[in-house]
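The basis for the numbers below is simple: all heavy atoms, side chains too, and nothing from hydrogens, waters or symmetry mates.
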Amino acid sequence: MATAVIQHERENYLNQGSGVKSWLLTVDHKRIALLYLASITFFFFIGGFFALLIRLELLTPAGDLVQADTYNKLFTMHGQVMIFFFLIPSIPAVLGNFLIPLMIGAKDLAFPRINLLSWYLYIIAGIMYLHCLLTGGVDTGWTFYTPLSSAFSNTKVVEAGLAIFVAGFSSILTGLNFVVSIHRMRAPGMTWSRLPLFVWAHYATSIIQLLGTPVLAITLVLVVCERVFHLGIFDPKLGGDPLLFQHLFWFYSHPAVYIMILPSMGVISEVVACFSRKRVFGYEFVAMASIGIAVIGFLVWAHHMFVAGISLYSALVFSLLSYLVAVPSAIKVFNWTATMYKGSISFSTPMLYAFGFVGLFTIGGLTGLFLACLGVDPHVHDTYFVIAHFHYIMVGGAVMGYLGGMHYWWPKISGRMYPEAWGRLAALIVFLGFNLTFFPQFILGYLGMPRRYWDYSHSPEFQILNVFSTAGATILAVGYLLPMVYFLWSMRYGKIAPDNPWGAAGLEWQTASPPPTYNFDETPVVTWEAYNYEHIPAPEEVPVER
């Protein structure tokens, strides 16, 4: 125990300067990751508060909590905050920033100052969006569909669009840093075939960020120009084409789904391998599946537009491509399952989140095939079926992966262990609360309840399913609050973490917990294949603290 205390008190990235200035001007990728962690947590709770108000409004058929205009702003700002200020930066900006240099054996990312700039751009964008929120909000839906956004909405469309424009540059700089670092800064012996699958997933994500985000940025600038200068780009009255906006928007925003889900898939690959004590089955196929998702993801955008007026032949092609993109996702799920088969599985908190991810992501992916089907999509388009599908992927997938990753690497980030019993309880609450919240929405959507409706008194039979959904949302909120509480508690009272508490493979576990400022005392040399668990002794069972 004395050795562990001395180890914890030695020089590390947390105790190298404690003033505010040392944090705000840091170029240490690990500290920047923590700055992002605090920032995205703040926006997560703002977006969650909007979601809570939405669910309280839908508790009764009549629109009796907020006015219709306010409800429009609530679902718009919930979507924009959660997507652009939480989901997209969550795993790449927090876990990716912290772990990629450690995983490839580097002392930092390739461009440390650009890394800090990306956080400042995120904060500037966040302040701009908060100003928009506090001075009237925006009501166009998170998609900014024209001509509503360019001509008819009287809300803060310009401010919201510019905020997301700035946030896009933060995303681009993060992706640029990752690509260059992975190409140029790998430790000796860290070949492409030895890279952790977490790194492969972020490499694919970075490609999407670099190629897709500028398209969204340009599109939002065009909306602002049309709104301010009355240029005829999207508004039919000015000679514009609203379908052009949808093509441009979804060309980015469908690949953006993979910006959110690919990093989670990387997390699950690490967790499943560690807690099954096995090399990931079909490592090469799982790695290439990440690249395949990134590539094919750029070819499926118009499945969002089957009822928007595109030709039947275009719709048929995009339908087939949408089925094709399911193949690399299925490869990952099957290979994770094969990895667990006959593995020495331990049911620690990160593994529970991994189980939850696989189940929820599978349901979300399979229901996506309904939306890619030309015969079914017109029936469920713009209903709660779409809401449920999207949240099974984004919340059931991306957030479960994020929480699983936070629990898996928390001992490395903080140097402390969290209470395992509370971690397992939180994972169970999140899983149950999520399903109670969103599964009824599949039924609601199939029965015909449109999304974005403030008042459904014309169909009071929908109330019972909405009551289930609102009850589930309160349970889910408890599940999300618990980790924040015990993570903060563990920073002061948690047991000091050993360097490798899980007996995991990977370079990040071969340095101290928490790591020193420059990660490694000496540049590591990699001489083993990825996930060589047959040569790593399993740790003792993690004690369940009560």
Side-chain angles (χ1 to χ4, degrees), residues 7 29-30 95-96 98-110 178 181-204 263 265-291 331-332 335-346 348 350-351 354 404-405 408-409 411-413 497-516 518-540 542:
Q7 186 181 49
H29 66 98
K30 300 179 290 300
L95 296 177
F98 193 97
L99 293 165
I100 285 177
L102 289 165
M103 286 183 161
I104 65 176
K107 291 185 176 182
D108 208 314
L109 289 171
F178 288 173
S181 299
I182 293 167
H183 270 277
R184 304 296 300 168
M185 300 186 69
R186 301 192 308 276
M190 179 61 78
T191 61
W192 288 94
S193 62
R194 291 174 175 172
L195 279 178
L197 290 167
F198 180 87
V199 178
W200 272 110
H202 276 78
Y203 185 75
M265 291 175 164
V267 170
I268 300 308
S269 294
E270 302 297 319
V271 171
V272 166
C274 176
F275 293 101
S276 301
R277 312 304 305 166
K278 284 176 65 179
R279 176 178 168 85
V280 174
F281 180 84
Y283 164 92
E284 294 82 1
F285 284 91
V286 178
M288 288 301 104
S290 293
I291 304 300
I331 287 172
K332 287 178 177 285
N335 284 30
W336 292 328
T337 306
T339 304
M340 289 186 275
Y341 179 66
K342 292 188 176 180
S344 179
I345 296 175
S346 58
S348 296
M351 192 61 169
Y408 182 53
W409 283 292
K412 184 60 61 178
I413 293 171
D499 292 347
N500 190 356
W502 314 118
L507 289 178
E508 76 270 27
W509 301 106
Q510 296 186 24
T511 188
S513 296
Y518 294 106
N519 298 341
F520 301 95
D521 295 329
E522 297 179 2
T523 302
V525 178
V526 180
T527 58
W528 59 89
E529 299 303 312
Y531 308 106
N532 58 333
Y533 279 100
E534 61 273 17
H535 301 300
I536 300 176
E540 296 180 5
V542 176

Engineer: Would you find more than 12 non-hydrogen atoms of other residues, nucleotides or ligands less than 6.0 Å from Y283 atom OH?
Structural biologist: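 Atom OH in Y283 is crowded, with more than 12 foreign heavy atoms closer than 6.0 Å.
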
Engineer: What pair of heavy atoms forms the shortest contact from S181 to I104, and how long is it?
Structural biologist: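 Looks like O-CD1, 3.5 Å.
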
Engineer: What's the shortest heavy-atom distance between P188 and T523, and which atoms?
Structural biologist: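 Taking P188 first and T523 second, the nearest heavy atoms are CD-CG2, 3.8 Å.
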
Engineer: Can you classify the ring geometry of W192 versus W200 as parallel (below 30°), tilted (30 to 60°) or perpendicular (above 60°)?
Structural biologist: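 Plane angle between 30° and 60°, so tilted.
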
Engineer: Could you report the tightest heavy-atom contact between P498 and S513, atom names first, then the distance?
Structural biologist: O-OG, 3.3 Å

Engineer: One pair to check against side chain to side chain donor-acceptor pair (under 3.5 Å): S290 and K332. What are the steps and the verdict?
Structural biologist: CA-CA 9 Å; S290 293; K332 287 178 177 285; 2.7 Å; yes

Engineer: To the closest 0.5 Å, what do you measure between CD1 (I182) and CG (L109)?
Structural biologist: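 Spacing of CD1 (I182) from CG (L109) equals 9.0 Å.
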
Engineer: Enter the distance from L102:CG to K107:NZ here, rounded to the nearest 0.5 Å.
Structural biologist: 13.0 Å

Engineer: Would you say the side chain of F178 lies within less than 4.5 Å of the side chain of V199, judging by non-hydrogen atoms?
Structural biologist: no

Engineer: Would you say K412 and K30 make side-chain contact, with heavy atoms under 4.5 Å?
Structural biologist: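 SC-SC contact between K412 and K30 ruled out.
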
Engineer: Just jot down the side chain to side chain donor-acceptor pair (under 3.5 Å) partners of T527, sequence neighbours excluded, or say none.
Structural biologist: none

Engineer: Got a sec, which residues hit side chain to side chain donor-acceptor pair (under 3.5 Å) with T337, two or more places apart in sequence or on another chain?
Structural biologist: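 Partners of T337 by the side chain to side chain donor-acceptor pair (under 3.5 Å) criterion come out as none, since no residue qualifies.
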
Engineer: Do E270 and P196 touch side chain to side chain, with heavy atoms closer than 4.5 Å?
Structural biologist: yes

Engineer: Per the side-chain contact (heavy atoms from CB on, under 4.5 Å) rule, which among K278, R277, M351 passes with I345?
Structural biologist: M351

Engineer: Could you list the residues that satisfy side chain to side chain donor-acceptor pair (under 3.5 Å) with S269, not counting sequence neighbours?
Structural biologist: W336

Engineer: Below 3.5 Å, can you tabulate the donor-acceptor pairs from side chains in residues 504-511 to any protein atom, sequence neighbours excluded?
Structural biologist:
residue, atom, partner, partner atom, Å
E508, OE2, W409, NE1, 3.1
T511, OG1, N519, O, 2.5

Engineer: Compare every heavy atom of A512 with every heavy atom of D499, then report the nearest pair and how far apart it is.
Structural biologist: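 Closest approach of D499 to A512: OD1-CA, 3.4 Å.
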
Engineer: Enter the distance from L197:CG to I268:CD1 here, rounded to the nearest 0.5 Å.
Structural biologist: 12.0 Å

Engineer: Do the rings of H202 and F198 sit parallel, tilted or perpendicular, given the 30° and 60° boundaries?
Structural biologist: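 Tilted.
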
Engineer: Going by salt bridge (charged side-chain N to carboxylate O under 4.0 Å, His left out), name the pairs with one or both residues in residues 192-204, residues two or more places apart or in two chains.
Structural biologist: R194-E529

Engineer: Determine the minimum heavy-atom distance between G404 and P350, stating which atoms define it.
Structural biologist: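 Heavy atoms only, the tightest pair is O-CB, 3.9 Å.
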
Engineer: Counting C-beta onward and ignoring hydrogens, is there a side-chain heavy-atom pair between V280 and F285 closer than 4.5 Å?
Structural biologist: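 A side-chain contact is absent here, since even the closest heavy-atom pair is not under 4.5 Å.
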
Engineer: Do W502 and P411 have side chains that get closer than 4.5 Å, going by heavy atoms?
Structural biologist: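 Sidechains of P411 and W502: in contact.
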
Engineer: Not counting sequence neighbours, which residues clear side chain to side chain donor-acceptor pair (under 3.5 Å) with R186? List them please.
Structural biologist: none

Engineer: Taking S276's backbone N and O only, do any of them form a donor-acceptor pair with Y533's side chain (distance below 3.5 Å, no angle check)?
Structural biologist: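 No.
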
Engineer: Taking all atoms of both residues into account, what is the closest heavy-atom pair of A273 and Y531, and its distance?
Structural biologist: CB-CD2, 3.7 Å

Engineer: Is there side-chain contact between F98 and P515, with at least one heavy-atom pair below 4.5 Å?
Structural biologist: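 Counting from C-beta outward, F98 and P515 do come under 4.5 Å.
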
Engineer: With the side chain counted from C-beta on, respond yes when L195 and M190 share a heavy-atom pair under 4.5 Å apart, and no when they do not.
Structural biologist: yes

